[in-house]
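Okay, structure first, notes after.
Just so we're on the same page: letters track the sequence lines, and every chain starts at 1.
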Protein chains: 2
Amino acid sequence: MKDTENILSNPRDQAEEVRALQDTIYVIGGKWRLPIINSICNGNKRFREIERSIPGITTRMLSRELKEMELNKIIKRTVYPDSPVLVAYESTEYCTTFGNIILEMIKWGIEHRKMIIDKD
Amino acid sequence: MKDTENILSNPRDQAEEVRALQDTIYVIGGKWRLPIINSICNGNKRFREIERSIPGITTRMLSRELKEMELNKIIKRTVYPDSPVLVAYESTEYCTTFGNIILEMIKWGIEHRKMIIDKD
DNA sequence: CAGAATCCTCGACGATACTG
DNA sequence: CAGTATCGTCGAGGATTCTG
């Protein structure tokens, strides 16, 4: 099984990797999923709080995404029926599995910004 | 500066992180960027070769993305003017900076698929 | 082989206003 | 506060055909 000429993993592995990559992109695709997950993982719980923590997002998009993410068990939504309606969003275990991806993306974004500045 | 009640980093850091995250999403957003980068980093060089390595992509999208990624110095395009036109795409250093993100996303995708199977 | 040209669809996303 | 309801746009992406 030696294949010194080819550094690459075999075609089957490659095919599996592309699929895995595409699956992931499908799940966390779009502009808002990851920022929302990140915000909630950072401890933001209230709707307006999350909203304010993500530049550019609208209530409509936040509402939509939260709803679907709740269905997919990515987050947990709890209503406390006190006087002023209180709702809290919290991360689930599932939610935390995105941690490394988010970390790497934040790292990249910071490095990228440095690069841009250096170039000017 | 002790703040034992708050595990979170301070608001300024959080704001920077969201921005970084959004920057990254902007750069690698869409269905095709990362799969293409991945394919090229895996050693695929020819147009049809890359195309075949990415399930679902059309020549139109591949063409569009490659063109823009060349402009952004994410990849390098070389034409060898031999008898049958030969073109080779190669990764640049810049291209490799996405490595960790892609790796984490592949990991996640593979784990995710396992989960789905176990649940059935 | 390596694409360009065309035409088209549809859904992600935005803006704004309103509700309990 | 925590959303819902409407309306609208625009561009990512798809399907197909054609070219050197």
query = So does B:Tyr80 get a side-chain nitrogen or oxygen closer than 4.0 Å to the phosphate oxygens (OP1/OP2) of C:dC1?
reply = no
OP1 or OP2 of C:dG3 under 4.0 Å from side-chain N/O of B:Arg46 = no
Length of the line joining [X]:[atom1] and [N]:[atom2], which is rounded to integer Å:
X	N	atom1	atom2	value
A:Arg52	D:dG3	CZ	C1'	14 Å
B:Glu68	C:dG3	CD	C1'	17 Å
B:Ile75	C:dG3	CD1	P	10 Å
B:Glu70	C:dA4	CD	P	10 Å
A:Lys45	D:dC1	NZ	C1'	17 Å
A:Glu51	C:dG14	CD	C1'	13 Å

inquiry  = Measuring only between side-chain heavy atoms, which start at C-beta, is B:Asn38 closer than 4.5 Å to B:Ile106?
reply    = yes
request  = Please step through salt bridge (charged side-chain N to carboxylate O under 4.0 Å, His left out) for the pair A:Lys67 and A:Glu70, ending with a clear verdict.
outcome  = CA-CA 5 Å; A:Lys67 209 179 291 174; A:Glu70 194 198 352; over 6 Å; no
Taking [Y]'s backbone N and O only, do any of them form a donor-acceptor pair with [X]'s side chain (distance below 3.5 Å, no angle check)?
X	Y	value
A:Asn72	A:Ile74	no
B:Thr92	B:Lys73	yes
A:Ser53	A:Ile50	yes
A:Thr96	A:Glu93	yes
A:Thr97	A:Tyr94	yes
A:Thr24	A:Ala20	yes

message = Below 4.0 angstrom, which residues in residues 16-35 of chain B have at least one non-hydrogen atom near DNA chain C?
response = none
inquiry  = Just to be sure I understand the geometry, which residues of residues 54-66 of chain B put a non-hydrogen atom under 4.0 Å away from DNA chain C?
reply    = B:Thr59, B:Arg60, B:Ser63
task = Please list all pairs passing the salt bridge (charged side-chain N to carboxylate O under 4.0 Å, His left out) test where one or both residues lie in residues 14-24 of chain B, with sequence neighbours left out.
result = A:Arg113-B:Asp23
